[in-house]
Amino acid sequence: QVRLVESGGGLVQPGGSLRLSCAASARFFNIYTMGWYHQAPGKQREWVAVITKNMITNYTDSVKGRFAISRDNAKNTVYLQMNSLKPEDTAVYYCNRWPNAFDSWGQGTQVTVSS
């Protein structure tokens, strides 16, 4: 069973930055396309950024130019650098395989953007 552990969230003022990390126990991690997802209160979970095994990245429109996804296959870890944060970025952030997520999800990490 895959284990995903997200960390790095917190409370930050608008315009601030955070760097999220996700450690995965998945075998063959390096061949998967991985993604970061977020879920705001009362809303469905949706993808934010993805990175392929070849380091090709893609972002949802709302975060383009502000967020950057990266990965370290030697450490089975995916990162999300979040800059110029906005209150609407407030959500719980998760990582998982994309587009077909593993059955198990981590606990997520809360990001709150507020003054």
Side-chain angles (χ1 to χ4, degrees):
Q1 183 174 351
V2 173
R3 185 164 181 255
L4 301 164
V5 181
E6 299 92 351
S7 62
L11 172 63
V12 63
Q13 291 187 341
S17 298
L18 285 173
R19 188 188 192 215
L20 307 184
S21 299
C22 170
S25 67
R27 292 182 64 189
F28 311 119
F29 169 86
N30 59 309
I31 70 171
Y32 296 131
T33 292
M34 295 296 294
W36 280 97
Y37 303 73
H38 69 189
Q39 187 168 19
K43 296 187 176 181
Q44 287 191 332
R45 184 157 44 200
E46 56 186 16
W47 74 275
V48 174
V50 299
I51 184 166
T52 71
K53 63 179 181 179
N54 297 317
M55 307 299 181
I56 296 171
T57 60
N58 196 15
Y59 302 90
T60 193
D61 286 346
S62 62
V63 308
K64 282 181 180 176
R66 300 189 298 120
F67 290 10
I69 187 172
S70 59
R71 66 192 296 168
D72 184 337
N73 288 333
K75 296 181 178 180
N76 276 23
T77 301
V78 183
Y79 305 97
L80 186 67
Q81 178 65 44
M82 310 167 70
N83 299 323
S84 302
L85 282 160
K86 304 176 180 180
E88 51 263 43
D89 295 319
T90 295
V92 180
Y93 284 74
Y94 304 86
C95 73
N96 210 315
R97 187 173 58 180
W98 186 92
N100 299 312
F102 298 118
D103 289 341
S104 59
W105 291 78
Q107 82 288 349
T109 186
Q110 175 71 47
V111 171
T112 303
V113 185
S114 175
S115 55

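Computed from a prediction, not measured in an experiment: that's the story for all the values here.
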In the hydrophobic cluster built from side-chain contacts under 4.5 Å, what are the other members alongside V5? none
Are M34 and I31 grouped together when hydrophobic residues (ILVMFWY) are joined by side-chain heavy atoms under 4.5 angstrom apart? yes
How many angstroms lie between CH2 in W36 and CD1 in I51, if you round to the nearest 0.5 Å?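 Interatomic distance, W36 CH2 to I51 CD1, rounded to 0.5 Å: 12.0 Å.
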Any L4 side-chain heavy atom under 4.5 Å of Y94 side chain: no
Could you pull out all residues at least two apart from S70 that satisfy side-chain contact (heavy atoms from CB on, under 4.5 Å)? Y79
Salt bridge (charged side-chain N to carboxylate O under 4.0 Å, His left out): pairs with one or both residues in residues 67-95, sequence neighbours excluded: R66-D89
Identify every side-chain donor-acceptor pair in residues 39-49 under 3.5 Å, counting partners at least two apart or on other chains, and give the distances.
| residue | atom | partner | partner atom | Å |
| --- | --- | --- | --- | --- |
| Q39 | NE2 | K43 | O | 3.1 |
| E46 | OE2 | H38 | NE2 | 3.1 |

Show every donor-acceptor pair shorter than 3.5 Å between a side-chain atom in residues 100-109 and any protein atom, with sequence neighbours excluded, or say none if there are none.
| residue | atom | partner | partner atom | Å |
| --- | --- | --- | --- | --- |
| S104 | OG | V2 | O | 2.8 |
| Q107 | NE2 | E6 | O | 2.8 |
| T109 | OG1 | G9 | N | 2.9 |

Can you name the side-chain contact (heavy atoms from CB on, under 4.5 Å) partners of S62, sequence neighbours left out?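 For S62 the side-chain contact (heavy atoms from CB on, under 4.5 Å) partners, ignoring immediate neighbours, are T60.
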Pairs satisfying salt bridge (charged side-chain N to carboxylate O under 4.0 Å, His left out), at least one member in residues 48-62, at least two apart: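 Applying salt bridge (charged side-chain N to carboxylate O under 4.0 Å, His left out) to every pair that reaches into residues 48-62, excluding sequence neighbours, yields D61-K64.
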In Å, rounded to the nearest 0.5 Å, how long is the span from CG of L80 to OH of Y37? 13.0 Å
With heavy-atom distances below 4.5 Å as the criterion, would you say the side chains of T52 and W98 are in contact? no
Heavy-atom pair with the smallest gap, counting every atom of I69 and V50: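 Heavy atoms of I69 and V50 come nearest at CG2-O, 3.5 Å.
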Can you list everything that forms a side-chain hydrogen bond (donor to acceptor under 3.5 Å, both in side chains) with Q110? Sequence neighbours excluded, please. T112
Residue pair Y59 / F67: nearest heavy atoms and the distance that separates them: CE2-O, 3.4 Å
Would you give me the side-chain donor-acceptor pairs under 3.5 Å for residues 12-30, sequence neighbours excluded?
| residue | atom | partner | partner atom | Å |
| --- | --- | --- | --- | --- |
| S17 | OG | N83 | OD1 | 2.9 |
| S25 | OG | R3 | N | 2.7 |
| S25 | OG | R3 | O | 3.4 |

